[in-house]
Amino acid sequence: MQRLYDFLRRHPTWVDTFWAVVLFGMSGLSEVSMDGSPDHHGSLPAGLAVSTVLSVVVALRRRFPEPMLLVALVTGLAQLVLDVETTVADFAMLVITYTVAAVGARWASRLALAVSFCAAAAAQIRWPQEQAGFAGQVAIAVFQTVPFALAWVLGDSMRTRRAYFAQLEERAARLEKEREAQAKVAVAAERARIARELHDVVAHNVSVMVVQADGANYVMDTAPDQAKKALETISSTGRQALAEMRRLLGVLRTGEHQETGEYVPQPDVEQIDDLIEQCRSSGLPVDFKVEGTPRPLPSGVELTAYRIVQEALTNTRKHGGPGAGASVRLVYFDDGLGLLVEDDGKGAPHELYEEGGADGRGHGLIGMRERVGMVGGTLDAGPRPGGGFRISALLPLKPAH
């Protein structure tokens, strides 16, 4: 039974053909009276021809709704001309009216509606009820018009419903595409963020390790204690870099995040002290001062401040030359956090800082500007009067809208 139902759903023309045969049979039985004469005005062949054509209209109504409407209209006019009174086959007029209102072109739907209001009146004029007066004739015409109007209204409501569901499906598909696009943008943004994190972690820690290794190599024979201390610094710095890289790569591998919604590692401004001490132990003199009243800050602002200081000191080690020193100022304002990092080294061309180093492969100031822009802050970087380089940033407590 279910197979039959599925088959009929996939082949609606078979259903229409079945009902067309039923309609033709009922019409044929009503065409002839008990004595074999036509049971209506007009000849029997004309009546059978009308019934046949209208049955074909029912069979093909869904495949060719507009042509079948025109065929039905021509058949109705032929009935009027040939004096073939309305029969059971004229039920096809209601069916085709519903069909074009539901699935046909707009012009066909409007034409069917107009003809629906005229058909009953024309039939009543052609074959009047002699026993009814004028008022009765009008009442009969109106009564016969109601089924046509209801058929058109039902078909038009089905068209509206289909259009509504089609709109919902189109909207759902569009929203799904938008969600996919947003997901891709989010993935790209997260990959860019992790790339910045990896650059800062690798550039800073490897720079410290290179400086310590050069120092250890230089004093290996003359001051073995200093060389040993340098090797210990290299070891601890390498372990720290590996731990941070492992956590970052773990995010890429699993795609999971912590309950706080932030990915590790997340250094904050309190760890700037450790960063300064690490730089000092590697041979870079750093003067560090905090102004204002320290207070909790948004995690994004704290991470940005830490990375800016880290990148600035890394660039000082790369480009400052021997004997260079740096100073770091951390200023708490009422509405934000200020950063000022300066060095008195020989510096490097501004273009190299923008490219992220002499190899042109890092992020450098571009990464800093991206970080500051993410929290709605401002960054100013350039050569310092009297030599060296200066980086200043203002990080608001709330992102700019």
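Keep in mind that what you see is a predicted model, and the values were worked out from it rather than measured. Positions are given from 1, in the same order as the sequence printed here.
Asp287 has no carboxylate O lying under 4.0 Å from a charged side-chain N of Arg280, or vice versa, which leaves the two without a salt bridge. Residues Glu180 and Lys177 are not paired through a salt bridge, judged by the lack of any N-O separation under 4.0 Å between the basic side chain and the carboxylate.
A donor-acceptor contact shorter than 3.5 Å links the side chain of Asp90 to the backbone of Thr87. No donor-acceptor pair closer than 3.5 Å links the side chain of Asp380 to the backbone N or O of Ser392. Panel note: side chain Glu342, backbone Arg390; no donor-acceptor pair is recorded below 3.5 Å. Judged by distance alone, with hydrogens and angles left aside, the side-chain atoms of Glu66 form no donor-acceptor pair with the main-chain N or O of Ala108 at under 3.5 Å. Not one N or O on the side chain of Gln79 forms a donor-acceptor pair closer than 3.5 Å with the backbone of Val50. Of the possible donor and acceptor atoms, one in the side chain of Arg159 sits under 3.5 Å from a partner among the backbone N and O of Gly104. Side chain of Trp152 to main chain of Ala101: no donor-acceptor pair is present (N/O by atom type, distance under 3.5 Å, no hydrogens or angles).
Taking the side chain as every heavy atom from C-beta outward, Leu330 and Val309 never approach each other to under 4.5 Å. Between Gln278 and Leu275, some side-chain heavy-atom pair lies under the 4.5 Å cut-off. Two residues are said to be in side-chain contact when any heavy atoms from C-beta on lie closer than 4.5 Å; Val328 and Ile276 meet this criterion. Counting heavy atoms from C-beta on, the side chains of Leu23 and Phe91 come closer than 4.5 Å. Leu111 is listed as a side-chain neighbour of Leu70, based on a closest heavy-atom distance under 4.5 Å. Contact of the Leu60 side chain with the Asp16 side chain is not registered, since no non-hydrogen atoms from C-beta on lie closer than 4.5 Å. Side-chain contact between Glu270 and Pro294: absent, with no pair of heavy atoms (C-beta onward) separated by less than 4.5 Å. Within the 4.5 Å cutoff, the side chain of Val71 has no heavy atoms near those of the Val74 side chain.
Counting only N and O atoms by type, the side chains of Arg179 and Gln182 include no donor and acceptor under 3.5 Å apart.
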Checklist entry - Val115 and Phe148: side chain to side chain contact (heavy atoms under 4.5 Å, CB included), yes or no, with the steps? => result CA-CA 9 Å; Val115 172; Phe148 286 94; over 6 Å; no

Item to check | Worked check of side chain to side chain contact (heavy atoms under 4.5 Å, CB included) between Leu54 and Ile96 | outcome: CA-CA 10 Å; Leu54 292 179; Ile96 194 61; over 6 Å; no

Item to check | Asp344/Arg384 under side chain to side chain contact (heavy atoms under 4.5 Å, CB included): CA gap, chis, key distance, verdict | outcome: CA-CA 8 Å; Asp344 56 5; Arg384 177 172 169 265; 4.0 Å; yes

Item to check | Worked check of side chain to side chain contact (heavy atoms under 4.5 Å, CB included) between Thr293 and Tyr332 | outcome: CA-CA 6 Å; Thr293 304; Tyr332 287 87; 5.7 Å; no

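Atom CG of Leu337 and atom CG of Leu397 lie 8.0 Å apart (nearest 0.5 Å). To the nearest 0.5 Å, atoms CG (Leu175) and CG (Leu168) are separated by 10.5 Å. Atom SG of Cys279 sits about 11.0 Å away from atom CG of Asp274, to the nearest 0.5 Å. For the atom pair Asn315 CG and Ile391 CD1, the distance stands at 6.0 Å (nearest 0.5 Å). Separating the CE atom in Met368 from the CG atom in Leu379 is a distance of 7.0 Å, to the nearest 0.5 Å. A distance of 14.0 Å separates CD of Glu277 from CD of Gln271, quoted to the nearest 0.5 Å.
Between Val84 and Ala46, the shortest heavy-atom contact is CG2-CB, 3.7 Å. Closest non-hydrogen pair, Leu94 versus Ala151, comes out as O-CB, 3.8 Å. Among all heavy-atom pairs drawn from Ser116 and Thr145, the shortest one is O-CG2, 3.7 Å. Between Ala102 and Met158, the closest heavy-atom pair is CB-CB, 4.3 Å. Here the closest non-hydrogen pair linking Ala112 and Val100 is CB-CG2, 3.5 Å. Between Arg295 and Asp334, the shortest heavy-atom distance links the atoms NH2-O, 3.4 Å.
For Arg63, the CZ atom sits in a loose shell: 12 or fewer heavy atoms of surrounding residues, nucleotides or ligands are nearer than 6.0 Å. Annotation for Gln167: atom CD does not count as buried by contact number, only 12 or fewer foreign heavy atoms lying within 6.0 Å.
When Arg106, Arg162, Arg161 are each tested for a salt bridge (Lys or Arg N to Asp or Glu O under 4.0 Å) with Asp156, only one passes: Arg106.
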